[in-house]
Amino acid sequence: METRVLPPTEEAIAQAAALLQSGELVAFPTETVYGLGANALDPVAVPKIFAAKGRPSDNPLIVHVATPEAAEPLCHVDARAAMLMKRFWPGPLTLLLPKKPTIPDVTNAGLPSVALRMPDHPVALRLLAACGVPVAAPSANTSGRPSPTSAQHVYQDLQGRVPLILDGGICAVGLESTVLDLTVEPPTVVRPGGITVEMLLTVLPQVQVADSVMRPLRKDEKAVSPGMMYRHYAPRGQLTLVKGEANEVRAACRNLYAQAVTEGKKARVLAFEEHLRDYADCNTLSIGSLNRPETIAHELFAALRRMDDEGVDAMFCEAVETKGIGLAIMNRMCRAAAFHVVNV
Ligand code: TXA
Ligand code: MG
């Protein structure tokens, strides 16, 4: 199959909408990461997503809608869900709600709940409006690789497996949406993202964070969000996170880096702008500013992919504080590191 990458002209959006309506796949930009979409109501189209990504079929998909009203035929929207939609949609918040029978089992892995989100990206919204159907879309990467934040990333992973990629430039947020489970009490964040716990608490009296967010699953443990079972966001080399008091962390990072170099490894320190000077004798890649953590979210996946492209074997990075967007950053970093964390 030939894969075309097109800028989001009226004509390209119309072609993409026609592909979705005829049961084909389209990759498209959202404000978080690129998605690989199919008609969520078409039980023949949706399995193509799993095949293209190499994704296990027991991992349910997020259904994207053009408006909050478009969610109503798909799930049961109570007053609390309506309030969250009003406050945070369009935006990087996915809500888990009791599903209606319209959702085929292939889309949500046969679960009683379905994940819904209205993305905050003009191309995604134009596409959803043009095709007139809800669009199931996971991140448009090969399963296990860092999520794509540019059309080039999607092309790298899915070339020959998807007929059309709409190129909407680089994603603003850079990490996937927050997934909030509204089928449990209190509402529980099963995946942290761009809508932070602090933001949710401006609307909800209580929010819980699933404890599996910051640790590996125990053997035989059932995942609250099936996506957390799999090795995720992983670069090919080994990422090591270093945690502890600021100055000691930097010394430890430098030592670990030097040791890796001595062992003949191609090593790199993923450093925050404010700390670049402390790593003057190391090969570094800047991954955003600690003072503006949203820049770290924006850079992270692209940096991990670049390390793959350059064939880096060993990467070292300081842990960040788990407040605000920092919780989502650490959640992804811990998974990318396969929970390889050094405490100093
Ligand atoms: O930002 C995003 O959410 C992106 C863009 C494309 O919208 N999409 C995305 O989809 O990240 P995906 O499939 O890579 O991640 C969806 C996550 C998975 O961890 C999945 O297990 C969980 O949401 N999920 C989806 N439906 C669920 C359900 N009914 N119950 C529990 N977890 C669910
Ligand atoms: Mg994903």
Side-chain angles (χ1 to χ4, degrees), residues 25-38 40 46 49-50 52-65 74-75 88-100 103-121 123-125 127-128 134-149 153-154 157-158 165-166 168 171-184 188-195 210 212-213 217 222-234 297 301 328 331-332 335-336:
L25 304 182
V26 172
F28 61 96
T30 81
E31 81 281 30
T32 57
V33 300
Y34 275 72
L36 178 63
V46 171
I49 294 176
F50 293 93
K53 279 183 59 106
R55 177 178 173 115
S57 61
D58 59 351
N59 192 0
L61 305 174
I62 295 175
V63 177
H64 296 69
V65 289
L74 311 174
C75 63
F88 296 113
W89 281 12
L93 177 65
T94 296
L95 301 176
L96 294 185
L97 290 164
K99 70 157 231 170
K100 286 185 178 170
I103 299 289
D105 282 347
V106 280
T107 298
N108 72 331
L111 295 167
S113 61
V114 62
L116 271 304
R117 137 169 156 83
M118 177 182 172
D120 186 14
H121 193 291
V123 176
L125 291 173
L127 177 63
L128 288 165
V135 173
S139 47
N141 51 292
T142 303
S143 210
R145 289 211 74 201
S147 293
T149 54
H153 295 161
V154 180
D157 280 19
L158 297 180
I165 301 169
L166 290 175
C171 301
V173 177
L175 298 180
E176 306 86 345
S177 61
T178 304
V179 180
L180 181 69
D181 190 349
L182 287 177
T183 69
V184 294
T188 301
V189 171
V190 297
R191 181 178 72 185
I195 301 297
S212 54
V213 159
L217 284 180
K222 193 170 162 288
V224 281
S225 168
M228 296 210 176
M229 284 190 293
Y230 308 104
R231 185 155 185 253
H232 243 87
Y233 318 112
F301 286 147
N331 169 271
R332 305 308 192 278
R335 278 168 178 74

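Every value quoted in this text rests on a predicted model; they were computed, and no experiment measured them. First listed ligand is number 1; within each ligand, the first listed atom is number 1.
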**Student:** Run down the list Pro98, Gly37, Pro138 and name the one with the heavy atom closest to atom 12 (P) of ligand 1.
**Tutor:** Pro138
**Student:** If we ignore hydrogens and angles and just use 3.5 Å, is the side chain of Lys53 paired with the main-chain N or O of Ser139 as donor and acceptor?
**Tutor:** yes
**Student:** Who are the side-chain contact (heavy atoms from CB on, under 4.5 Å) partners of Ala52, not counting sequence neighbours?
**Tutor:** Leu25, Leu36, Arg161
**Student:** Just which atoms of ligand 1 are under 4.0 Å from any heavy atom in His64?
**Tutor:**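 The atoms of ligand 1 under 4.0 Å from a heavy atom of His64 are 5 (C), 6 (C), 7 (O).
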**Student:** For ligand 1, which atoms sit closer than 4.0 Å to a heavy atom of Ser139?
**Tutor:**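 Per the distance check, 8 (N), 9 (C), 10 (O), 12 (P), 14 (O).
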**Student:** Distance under 4.0 Å to a non-hydrogen atom of Ala115: what atoms of ligand 1 satisfy this?
**Tutor:** 25 (C), 26 (N)
**Student:** Determine yes or no for a side-chain-to-main-chain donor-acceptor pair under 3.5 angstrom, with Asn141 supplying the side chain and Pro148 the backbone.
**Tutor:**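 No: the side chain of Asn141 does not pair with the backbone of Pro148.
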**Student:** Are any of the heavy atoms in Pro119 under 4.0 Å away from ligand 1?
**Tutor:**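 So Pro119 does not count as touching ligand 1.
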**Student:** Kindly indicate, with the supporting measurements, whether the criterion side chain to side chain contact (heavy atoms under 4.5 Å, CB included) is fulfilled by Val63 and Leu61.
**Tutor:** CA-CA 6 Å; Val63 177; Leu61 305 174; 5.8 Å; no
**Student:** Within a distance under 4.0 Å of any heavy atom of Gly35, pick out the atoms of ligand 1 and give their elements.
**Tutor:** 6 (C)
**Student:** Which heavy atom in Phe50 sits nearest to a heavy atom in Asn59, and how many Å separate them?
**Tutor:**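 Shortest heavy-atom separation between Phe50 and Asn59 comes out as CE2-O, 3.3 Å.
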**Student:** Of the choices Arg117, Glu176, Arg55, which has the non-hydrogen atom that lies closest to atom 13 (O) of ligand 1?
**Tutor:**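 It is Arg55 whose heavy atom sits nearest to atom 13 (O) of ligand 1.
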**Student:** So His153 and Asp157, do their side chains get closer than 4.5 Å, heavy atoms only?
**Tutor:** no
**Student:** Give the C-alpha distance, both sets of side-chain angles, the deciding distance and a yes or no for side chain to side chain contact (heavy atoms under 4.5 Å, CB included) between Asp181 and Val179.
**Tutor:** CA-CA 7 Å; Asp181 190 349; Val179 180; over 6 Å; no
**Student:** Work out whether the distance between some heavy atom of Ala137 and some atom of ligand 1 is less than 4.0 Å.
**Tutor:**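 For ligand 1, residue contact (heavy atoms, under 4.0 Å) with Ala137 is present.
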**Student:** Identify, by atom number and element, the atoms of ligand 1 in contact range of Leu111, meaning under 4.0 Å from any of its heavy atoms.
**Tutor:** 28 (C), 29 (N), 30 (N)
**Student:** Measure across Val33 and Gly174 and return the closest heavy-atom pair with its distance rounded to 0.1 Å.
**Tutor:**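 Scanning both residues completely, I find the closest heavy atoms to be CG1-O, 3.8 Å.
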**Student:** Which heavy atom in His64 sits nearest to a heavy atom in Ala137, and how many Å separate them?
**Tutor:**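 Taking His64 first and Ala137 second, the nearest heavy atoms are CE1-O, 3.1 Å.
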**Student:** Provide the closest heavy-atom pair for Leu127 versus Leu166 in the form atom of the first, atom of the second, distance.
**Tutor:** CD2-CD1, 4.2 Å
**Student:** Could you tell me whether Glu176 and Arg117 have a side-chain N and a carboxylate O separated by less than 4.0 Å?
**Tutor:** no
**Student:** Tell me how many protein N, O or S atoms are closer than 2.8 Å to the Mg ion (ligand 2).
**Tutor:** 1
**Student:** Pull out every atom of ligand 1 sitting under 4.0 Å from any heavy atom of Asn59, numbered as shown with elements.
**Tutor:** 18 (C), 20 (C), 21 (O)
**Student:** Could you tell me which atoms of ligand 1, counted from 1 in the order shown, lie closer than 4.0 angstrom to a heavy atom of Ser177?
**Tutor:**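 This gives 1 (O), 2 (C), 3 (O) as the contact atoms.
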**Student:** Minimum heavy-atom separation for Ala40 to Ala136, with atom names?
**Tutor:** CB-N, 3.6 Å
**Student:** Would you please name every residue forming a side-chain contact (heavy atoms from CB on, under 4.5 Å) with Pro146, sequence neighbours left out?
**Tutor:** Phe301, Leu304, Arg305
**Student:** Got an N/O contact under 3.5 Å between Ser113 and ligand 1?
**Tutor:** yes
**Student:** Using a heavy-atom cut-off of under 4.0 Å, does the side chain or the backbone of Asn108 touch ligand 1, or both, or neither?
**Tutor:** neither
**Student:** Using a 4.0 Å cut-off to any heavy atom of Ile62, which atoms of ligand 1 qualify?
**Tutor:**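 Contacts of ligand 1 toward Ile62, numbered from 1: 3 (O), 8 (N), 9 (C), 10 (O), 16 (C).
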**Student:** Please classify the Leu96 to ligand 1 contact at 4.0 Å (heavy-atom distances, strictly less than): side chain, backbone, both or neither.
**Tutor:** side chain
**Student:** Mind checking whether Val190 contacts ligand 1 via backbone (N, CA, C, O), side chain (CB onward), both or neither, at a 4.0 Å heavy-atom cut-off?
**Tutor:** neither
**Student:** Taking all non-hydrogen atoms of both residues, which atom of Ser177 and which atom of Arg332 are closest, and how far apart?
**Tutor:**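 Closest approach of Ser177 to Arg332, heavy atoms only: O-NH2, 4.2 Å.
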**Student:** Examine ligand 1 and decide if any of its atoms is less than 4.0 Å from a heavy atom belonging to Lys99.
**Tutor:**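 Contact check Lys99 vs ligand 1: negative.
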**Student:** Does any N/O atom on Arg191 come nearer than 3.5 Å to any N/O atom on ligand 1?
**Tutor:**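 In this structure, Arg191 places an N or O atom under 3.5 Å from an N or O of ligand 1.
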**Student:** In a table with atom names and distances, give each donor-acceptor pair under 3.5 Å that connects a side chain of residues 109-116 to protein atoms at least two apart or in another chain.
**Tutor:**
none

